[in-house]
Every structure is written in C-alpha cells, then in structure tokens.
Undergrad: 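I have a structure I would like to understand better, so I am pasting it below and will then ask my questions one at a time.
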2 protein chains.
Amino acid sequence: MSKDLPTNAKSRRRPEQVTLSQVAQAAGVSPITASRALNHPDKVSTSTRQSVLQSVERLGYVPNLVAGSLASSRSRLIAIIVPSLINSVFVEIIKGLQETLEAQGYQILLGNTDYDLDREYQLVRTFLGWSCSALVTAGLRHNDACRTLLANWGHPIMEVMELGKGMDLNIGLDHTAAGRCMANHLIDRGYQRIVYVGARLSHDYRAGMRYLGHKKMLKAKGLEAPLLELNTLGSLQAGAESLAQVLKDYPATQAIHFANDDLAAGALLAAQRQGLSVPDDIAIAGFNGLPLGQHITPKLTTILSPREAMGRLAAQELIRRLSGKSVYRRQHDVGFTLQVGEST
Amino acid sequence: MSKDLPTNAKSRRRPEQVTLSQVAQAAGVSPITASRALNHPDKVSTSTRQSVLQSVERLGYVPNLVAGSLASSRSRLIAIIVPSLINSVFVEIIKGLQETLEAQGYQILLGNTDYDLDREYQLVRTFLGWSCSALVTAGLRHNDACRTLLANWGHPIMEVMELGKGMDLNIGLDHTAAGRCMANHLIDRGYQRIVYVGARLSHDYRAGMRYLGHKKMLKAKGLEAPLLELNTLGSLQAGAESLAQVLKDYPATQAIHFANDDLAAGALLAAQRQGLSVPDDIAIAGFNGLPLGQHITPKLTTILSPREAMGRLAAQELIRRLSGKSVYRRQHDVGFTLQVGEST
DNA sequence: TTGAAAGCGCTAACAG
DNA sequence: CTGTTAGCGCTTTCAA
C-alpha cells in the first residue's frame with residue numbers, strides 16, 4: 001500500500017476527491033513535481049509537464065485551492081466591498097474590476113455593507129480570514145476597528161470612488177469639485193434660485209460632498225443653497241416625487257441640482273407628464289452620466305464619471321502591485337466631465 | 001518554549017498572524033476547546049466561552065478560514081456564476097441572493113462567463129477547488145465537461161432564470177410562455193404585422209425562447225413572425241437604432257416586440273424624438289419590467305419578472321438544503337406578469 | 001465538557 | 001530539474 005493512499009482508520013479523506021498525490025503517482029513523479037508542473041510550468045521539463053497534465057486529465061483532478069492557499073498563504077482571491085448593489089455605479093465599478101481581475105486568474109469575493117461601517121468591518125474580518133491577495137473597498141470612510149485591522153495587513157488595499165488620504169492605494173474623483181462645477185454651470189446659465197436634492201446624504205456621503213461644493217459656489221456668489229434631503233434611496237420614483245416637494249417647499253425654484261441621474265431623470269420625466277417645460281419652467285441637472293440621460297428629451301445635463309474605467313484602472317494597479325512591480329502610483333484622479341444637455 | 005509556538009528554523013508561520021493556539025493558550029484551554037468556543041458555543045461551558053472570547057478580543061485574533069475549510073472541507077462560500085454584469089437582470093438576481101446569503105454568514109464568490117460556456121467550465125472548476133458549499137448558475141445550458149464535473153459533486157446546485165430539466169435545484173420562469181403571452185396581447189390589440197427584435201439570441205438564448213413562443217403564437221393565427229437580430233448587446237442605444245432598421249426593413253410594421261425593456265425603451269424614446277406617435281404609428285412592447293418603463297410616457301407594455309425575489313428564493317432554498325432540511329422543492333416557477341402600459 | 005493525536009491537500013525550504 | 005521533509009492553522013475522531 002502506498003503511503004500516498006492511506007487506508008488507516010483515522011483517515012478523513014474525501015473518498016471521491018482526486019488528490020495531487022494521486023496525479024503524481026499516476027505520472028510517476030513526486031507530488032511536489034506535479035505541483036510545479038501545474039503552478040510553475042517553466043520549472044519542470046517538458047516531458048514531465050506533459051505526463052502530469054495527462055494524468056490530471058485522465059483522473060479528472062481538480063486542484064484543491066483551499067489546501068494550496070493554506071500552504072502558500074496566497075489565495076488569488078480579491079475582496080470587493082461595496083455599500084450597495086442597487087446603485088448601478090458600484091456595479092459598473094465591480095464590472096471593471098471583475099473583467100480585469102478574472103482575466104488574470106483572480107477570483108472575486110463580493111461583500112455588500114448596505115452603507116453600514118460595522119458591517120464593513122465584519123466583512124473585512126471575514127475576508128482577511130480568507131487570505132485575500134488584496135482588498136477593494138468603496139470610499140475612504142471606515143470605522144476604527146476596521147482601520148486597526150487593516151493597518152498591518154500587508155496586502156494591497158484599494159479605496160475607490162473619492163479622492164483623499166487613503167490607507168494605501170486610492171482611485172477616484174473630487175466630488176466637491178464636481179458639485180462646484182455643476183453649480184457653476186447653473187449659475188452661468190443664469191439660474192439664481194437653485195435647490196440641491198439628494199437621498200440619504202449621511203449614507204451617500206459622496207453626494208453630500210458634492211452638495212458641499214455646490215453650496216460653497218452658491219454662497220460665493222451670494223446665493224442661498226437650500227437642500228432637500230430625501231429619506232429614500234435614489235430612484236426614478238424618488239426623483240419624480242421630489243419634484244413636487246421642491247415646487248411646494250421652494251415655489252420660486254428655477255433649477256434643481258440632483259445628487260444623481262436616477263433622481264434627475266425621474267424628475268425630468270415627471271415634469272414632462274405634468275406639462276412642465278424643462279428647462280424653461282424648471283431646469284434639471286444630475287450626476288453620473290447614465291445612458292438614460294442622453295436618451296430622454298431634453299437631454300439631461302450631468303457630470304460624467306468614468307466608473308468602469310475606474311474599476312479597470314484599480315484592477316490594473318492592483319495587479320501591478322501583486323506582481324511585485326514597484327512602479328505604481330498611490331493615487332489616481334480619474335476626473336469628471338461636465339456634459340451639458342438641454343435640460344439646463 | 002511552548003510547542004504551540006515553534007521556533008525551529010523550518011517554521012513557515014506568518015510572524016504576525018495570531019493563531020487559535022495562541023488564543024487557546026492565553027485562555028488556558030486547548031486549541032480544540034477554543035475552536036469549539038467560537039464555532040459551537042453551546043458545546044462549551046459559559047466561563048470557558050467567555051475567557052476564549054476575551055482572548056480573541058485582546059489578541060486581535062482573526063480566524064483563518066482557509067485552514068478551517070481545509071480541515072472541515074466546508075467553506076461557507078457560495079459560487080455565483082452569471083453570464084454578464086451589464087445586464088441588470090443578473091445584478092438583481094445577485095442582489096437577492098447576496099442579501100439572503102450574507103445574512104446567514106455565507107460569502108459570495110462571483111464569476112462572469114461573458115456568455116461563454118467554456119469560460120463557465122473554467123469558473124466551475126476553480127470554484128469547486130474552493131470547496132464551495134453550493135453553486136448558483138444562470139441558466140440550464142452547460143458544456144459536457146461542466147456537466148461531468150458537477151454530476152458527482154455532492155453539493156447543492158441551483159440553476160436560475162429559466163425552467164426545465166435542471167441538474168439539481170431550479171428556479172425560474174417559462175420564457176416561451178412569456179413570449180407567447182406578449183404575442184397574444186399584441187394580437188388581441190389588433191396588431192397583425194409584428195416584428196420581434198432581439199440582441200444576440202445565441203447568447204441571450206432566453207430571449208430566443210421568448211421569440212419561439214412569440215412565433216408559435218403568431219403562426220397559429222396565420223401571421224408571419226419576422227425577426228430582427230441585432231449584433232450588439234441590448235441597450236437604449238441599440239433599441240433606438242433598431243427602430244430605424246425595422247422601419248426600413250419592414251415598413252408596414254404595426255408593432256415591435258422587443259426582447260427586453262432596454263431595447264424597447266430606447267426605441268420608444270427614439271420614436272418620440274422622431275415625432276412618431278406610440279402606439280398609433282408604432283406599438284412597442286418589452287420584457288423585464290424595469291422601473292424606467294413605468295416612468296416614460298407612454299408607459300411601456302412589458303412583462304414583469306420577479307428577479308430579486310428569484311434570487312432571494314434561490315438563496316432560501318439553498319440555505320434550507322445546506323442546513324440539512326429535506327423539505328424543499330426541486331423546482332420553483334416564479335411566474336411572470338403581463339404589465340399593460342400605454343405603448344401598445 | 002474537555003483534550004490528545006492525527007490529519008485535511010498542498011507547497012516552502014532545502015538538498016541533491 | 002527533481003525529491004525529501006516538514007509544516008500551513010484548523011477540525012475531526014476518539015477517548016476521558
């Protein structure tokens with residue numbers, strides 16, 4: 001009886017699972033050689049490699065990545081933590097990441113915090129337990145426990161979405177500047193009574209930062225900067241409802257600066273249904289640059305953010321870091337573009 | 001020197017990593033008792049449990065899930081494989097799954113096949129290597145290698161989206177019936193010259209199944225069932241462009257049955273821009289029941305599918321199975337609802 | 001309720 | 001280029 005195929009009573013082996021040792025035995029080599037043939041093909045002779053691969057095929061061997069990760073303390077797992085999957089913005093970032101990472105043989109562990117920093121901490125703990133190769137998280141805000149945990153982690157951490165003092169790598173855009181930019185555009189267009197509408201700004205604090213920029217710009221011009229904060233999540237429906245609210249609370253409003261395109265498009269379509277002319281009766285602006293905004297009439301004025309590109313770039317930087325290259329930038333400003341439509 | 005803290009030269013331990021043994025030692029118990037205190041709290045005395053938890057806290061212990069999974073061959077990892085992340089339909093299913101699974105302490109390994117069955121096979125192989133507790137995959141089509149691999153896997157497999165002869169568990173709806181239903185509605189409305197427009201039906205074969213139902217219904221009424229297949233993915237833009245194409249290829253068309261709401265909404269908005277009246281000049285119908293359809297004017301006639309609910313139900317059935325309950329149904333028909341708008 | 005011993009399947013380290 | 005040895009950190013099995 002071979003030592004590779006224990007039969008003693010205490011064995012806990014899954015009976016059906018084909019192991020690397022079996023493959024090695026079938027190929028007439030040692031387990032470590034079989035391991036090399038699969039993971040470092042160049043460190044093994046061609047003939048050895050081929051006979052190992054043949055045995056793999058014949059036996060239907062599926063590598064046990066759990067065992068491999070434990071032994072090597074590397075996992076090719078990348079944790080991605082987002083605050084929401086409803087918001088298409090995060091999905092697009094995931095898409096950009098996923099596309100690039102999967103092509104390089106990394107797998108994605110996905111977590112959703114629902115905008116809860118304690119939940120984020122729990123997810124981070126779990127993901128560290130999986131020996132992830134890197135962690136991607138949306139935003140720069142974390143609780144203390146989370147920061148402590150990550151402080152000495154030793155693997156790349158990528159914080160995406162907004163720009164600032166990150167823990168490690170950081171890719172995003174300046175939301176305050178974006179808010180300022182749109183406010184400036186509205187003022188330029190001649191609007192003076194401008195309301196900002198956002199949804200749950202304590203959660204979606206990046207929308208809050210845009211409001212801050214907006215407010216600063218308006219104050220600088222001697223204008224008031226009223227804010228309507230909705231208690232629901234951003235959606236077409238919420239946008240439609242907010243329009244009525246704004247017109248009730250601030251009847252003289254000339255323009256509404258929405259925190260995102262969903263809200264803005266919802267309001268725009270609602271305005272149309274009510275026979276209001278956009279932008280003559282009310283001007284509407286959004287943020288994100290969703291395709292929808294360019295298909296409705298009038299076209300939505302918005303700020304385009306390169307979300308998928310942000311995900312791709314984040315993935316590229318991570319891969320560069322993970323492959324030991326030291327030539328990388330700690331921070332990337334992906335910028336934004338004011339897209340002037342016909343709604344302002 | 002304790003045997004739990006080896007100092008010999010061959011040790012491969014990560015110096016900083018706190019292990020369960022260290023926690024156990026600090027708490028004055030054996031490693032296995034510490035393990036039980038964390039994973040089976042009821043199998044340990046209250047005082048032991050508390051002192052272990054205290055040591056965990058004090059030392060900042062983070063369980064190594066890789067080691068735990070190897071030892072127990074259980075991982076609390078659920079693999080989700082979808083063909084696309086652009087299509088919001090899959091994202092909503094992921095959301096439903098994620099919400100339910102994460103609440104039960106499962107983590108999600110996400111894979112994207114890009115509608116490629118060979119890629120799916122690779123992903124499945126990788127995920128099996130992670131000792132996933134279960135696998136969720138979109139659709140019933142897989143290649144032979146994939147089927148072989150999964151045939152004796154021994155863990156729950158959930159195939160979502162369409163209904164049919166699944167490998168294990170199956171949740172979805174009857175797409176052929178949905179296509180028939182919408183065709184029937186259009187005929188009822190008095191339309192006779194109806195074009196079906198889909199995007200890449202060999203990839204999005206569920207849209208192809210809906211076309212089949214559509215065609216059958218039309219043929220049964222003695223009507224032709226012309227098909228326009230687009231080479232791009234479904235999007236507002238593609239929908240807008242397809243409208244012109246249909247009007248060119250089939251000038252007498254009275255109604256267009258689109259494979260999904262993105263295409264339909266794109267066409268509807270394009271029609272408006274061109275001054276075409278919907279449904280008088282051209283009727284438009286979609287599939288999915290996206291919110292957008294209910295916010296444009298005229299409201300889009302569509303078929304509502306319960307996508308998030310499908311994800312949630314799938315997760316619930318999986319959890320039921322994983323917790324050893326035998327009371328579960330192999331197949332769930334989540335149905336669909338014809339939502340008659342003003343666009344037909 | 002607790003512990004001792006023995007692995008889970010793989011790879012790092014070192015030697016040849 | 002290949003093999004030997006010894007773990008990775010945890011949980012199973014069995015015994016007390």
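Reminder, nothing fancy here: chain letters follow the sequence lines and each chain counts from 1. Computed from heavy atoms alone, side chains included, the values below leave out hydrogens, waters and symmetry copies.
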Undergrad: Rounded to whole Å, please give me the gap between OH in Y61(A) and C1' in dC10(C).
TA: 7 Å
Undergrad: How many Å lie between NZ on K43(B) and C1' on dT12(D), as a whole number?
TA: 11 Å
Undergrad: Side chain of Q17(A) only, please: which of dT2(D), dT11(D), dG9(C) is the nearest?
TA: dG9(C)
Undergrad: It should be established whether S73(B) places a side-chain nitrogen or oxygen under 4.0 Å from OP1 or OP2 of nucleotide dC8(C).
TA: no
Undergrad: Please name all residues satisfying ring pair (Phe, Tyr, Trp, His ring centres under 6.0 Å) with Y115(A), sequence neighbours left out, ordered by chain then number.
TA: H203(A)
Undergrad: For the pair made of CG in N64(B) and P in dT11(D), what is the distance, rounded to whole Å?
TA: 9 Å
Undergrad: When you get a sec, tell me which of dC10(C), dT2(C), dG9(D) is the closest nucleotide to the side chain of L20(A)?
TA: dC10(C)
Undergrad: Between dC10(C) atom P and I32(A) atom CD1, what is the distance in whole Å?
TA: 11 Å
Undergrad: What is the distance, rounded to the nearest whole Å, between atom CG of L38(B) and atom P of dT11(D)?
TA: 8 Å
Undergrad: Out of dC10(D), dC8(D), dG3(C), which nucleotide sits closest to the side chain of L70(A)?
TA: dC8(D)
Undergrad: Mark yes when over 12 heavy atoms from residues, nucleotides or ligands other than Q331(B) sit less than 6.0 Å from its CD; otherwise mark no.
TA: yes
Undergrad: Take atom CZ of R74(A) as the centre, draw a 6.0 Å sphere, and report whether it contains more than 12 heavy atoms from other residues, nucleotides or ligands.
TA: no
Undergrad: What pairs meet the salt bridge (charged side-chain N to carboxylate O under 4.0 Å, His left out) rule with one or both residues in residues 149-168 of chain B, with sequence neighbours excluded?
TA: E162(B)-R206(B), D168(B)-R321(B), D168(B)-R330(B)
Undergrad: So S45(B), base contact, sugar-phosphate only, or nothing? Heavy-atom distance under 4.0 Å.
TA: sugar-phosphate
Undergrad: Using a 4.0 Å heavy-atom cut-off, does T48(A) contact any base of the nucleic acid, only the sugar-phosphate backbone, or nothing at all?
TA: sugar-phosphate
Undergrad: Could you please name the option among dT11(C), dT11(D), dG9(D) that lies closest to any side-chain atom of S35(B)?
TA: dT11(D)
Undergrad: So that I can tick it off, tell me whether R320(B) and E317(B) are bridged by a salt bridge, with the cut-off set at under 4.0 angstrom between side-chain N and carboxylate O.
TA: yes
Undergrad: Check every strand shown and say whether V66(A) touches a base, only sugar-phosphate, or nothing at a heavy-atom separation below 4.0 Å.
TA: nothing
Undergrad: Taking any heavy-atom pair under 4.0 Å as a contact, classify R74(B): base, sugar-phosphate, or nothing.
TA: sugar-phosphate
Undergrad: Name the closest nucleotide to the S30(B) side chain, picking from dT2(D), dG3(C), dG7(D).
TA: dG3(C)
Undergrad: What's the CZ-P distance between R36(A) and dT4(D), to the nearest Å?
TA: 12 Å
Undergrad: In whole angstrom, give the distance that lies between atom CD of Q25(B) and atom C1' of dT2(C).
TA: 17 Å
Undergrad: Round to a whole Å and report the spacing from CG of N39(A) to C1' of dG9(C).
TA: 13 Å
